[in-house]
Amino acid sequence: MTAYRPLIAGNWKMHGVEASLGEVRAMVAAVEGRPPASRVAICPPATLIDRLAAQVKGTLIEVGGQDCRAEAQGAYTGDIAAEMLADAGATLVILGHSERRAGYGEGDALIAAKAVAALRAGLEPIVCVGESLAEREAGQTLSVITGQTRGSLPEDLAGHAFAVAYEPVWAIGTGLTPTLEQIAEAHAAIRATLVEGFGEHGRRIPILYGGSVKPSNAAEILRTAEVGGALVGGASLKASDFTAIFEAL
Ligand code: 13P
C-alpha cells in the first residue's frame, strides 16, 4: 500500500493582501520550473482564497483555508462555512491550529465537528495537534498529542484523504524547534494512534511537522522518520523561503 505524497503547506495566518500575490507568482514559477517531490499548498486569509485560487489554477499549487465553522450556513456573524471555502476555490482546510485552540477555546470535539464539515464540503482537513511548553516540561507531550489526535479525528475520516500536523506550541513563531529525536518520537506516537483509529489507512496518512520550519532546517526535518511534510508559517510568506523548503525534499 503506497503512502500519500508528502504535503508542504503554507499557513499565512493573518498576513496577506493583494500585493502578496506577487510572491505567489514567484512560487508558481518555481513549481513550473522544477516540479516538487511533494504536494504544495498555500492557505491564505479567507479574503484572498478566490484570487489566489484563480492565480494557481492549472498549476501544481493547491489552496486551503485556515479554519471553518461546522455548520453549513446560518446566523454566525463573521464565520465561514467549509462550503464557502470550497466555493471560493479551496481544496484543503487547516483545523484545530493551536492559535485557535488557545485563542478561541476550541476543543477536540469542536475540531472533530469541523472535520466532518470539511468532508461534507469536499475539503481535505489538516488537523493540528501539539503540546505547550508546560505540558512538555511536565512530561505530558505524548499523552497530550495522542489525546488530541484521538479526540479531533472523527471516524467519518475513514477512507478519506486528510493529514495531521504536529505543531509543538512552543516552536511556533519562536525560532525554536524540537530535536529530530523529539519530532520522531511525537510522530511515532501520532502514527500509532492513527493506526489504532483507522487501521491500514492510518499508516498512509501524512503527518506534517510545523513550528519554525525554514530553509536551513527543512531538509533534516523532512527526512526524519514519519515526517510526511511540513506546515510552514512565517517562512511560507516569501517565495524564496517557501520554494527553498519544498525544494529541500
Ligand atoms: P511558524 O513556521 O511561523 O513557526 O508557524 C508555524 C505554524 O503555526 C504553522 O501553522
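Reckoned from all heavy atoms, side chains included, excluding hydrogens, waters and symmetry mates. Counting convention: from 1, in listed order, for ligands and their atoms alike.
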Could you list the donor-acceptor pairs under 3.5 angstrom formed by side chains in residues 150-165, with sequence neighbours left out?
unit_1 : atom_1 : unit_2 : atom_2 : d
Arg150 : NE     : Glu196 : OE2    : 2.6
Arg150 : NH2    : Glu196 : OE1    : 3.3
Ser152 : OG     : Arg101 : NH2    : 3.0
Ser152 : OG     : Asp108 : OD1    : 3.0
Ser152 : OG     : Gln148 : O      : 2.7

So which bit of Asn11 gets within less than 4.0 Å of ligand 1, heavy atoms only: side chain, backbone, both or neither?
side chain
Starting from atom 3 (O) of ligand 1, find the nearest protein heavy-atom neighbour and note its residue, name and distance.
Gly234 N, 2.9 Å
Counting heavy atoms not belonging to Lys214, are there more than 12 under 6.0 Å from its NZ?
yes
Judged by modelled atom types alone, do Glu131 and Tyr166 share a side-chain donor-acceptor pair under 3.5 Å?
yes
Between Arg203 and Glu200, does at least one N-O distance fall below 4.0 Å, as a salt bridge requires?
yes
Geometric N/O contact Thr174 with ligand 1, under 3.5 angstrom:
no
Non-hydrogen atom of Ala235 closer than 4.0 Å to ligand 1:
no
Below 4.0 angstrom from a heavy atom of His97, which ligand 1 atoms are there? Numbered from 1 as shown, please.
7 (C), 8 (O), 9 (C), 10 (O)
Verify the distance criterion only: is there a donor paired with an acceptor across the side chains of Gln66 and His97 at less than 3.5 Å?
no
With a cut-off of 4.0 Å, which atoms of ligand 1 are near a heavy atom of Leu231?
9 (C), 10 (O)
Atom 2 (O) of ligand 1: which protein heavy atom is closest, and how many Å away?
Gly233 N, 2.9 Å
min-distance protein heavy atom vs atom 4 (O) of ligand 1 -> Gly173 N, 2.6 Å
Check for me, please, whether Leu7 and Leu60 land in the same ILVMFWY cluster - side-chain distances under 4.5 Å, paths through other members count.
no
Checking a contact table here: which protein heavy atom is nearest atom 9 (C) of ligand 1, and how many Å away?
Glu167 OE2, 2.9 Å
Non-neighbouring partners of Phe246 that pass ring pair (Phe, Tyr, Trp, His ring centres under 6.0 Å), sequence neighbours left out:
Phe242
Polar contact flag, side-chain donor to acceptor under 3.5 angstrom, Ser132-Glu135
yes
Under a heavy-atom criterion of less than 4.0 Å, does Gly210 contact ligand 1?
no
Counting non-hydrogen protein atoms only, what is the nearest one to atom 5 (O) of ligand 1? Give residue, atom name and distance.
Lys13 NZ, 3.3 Å
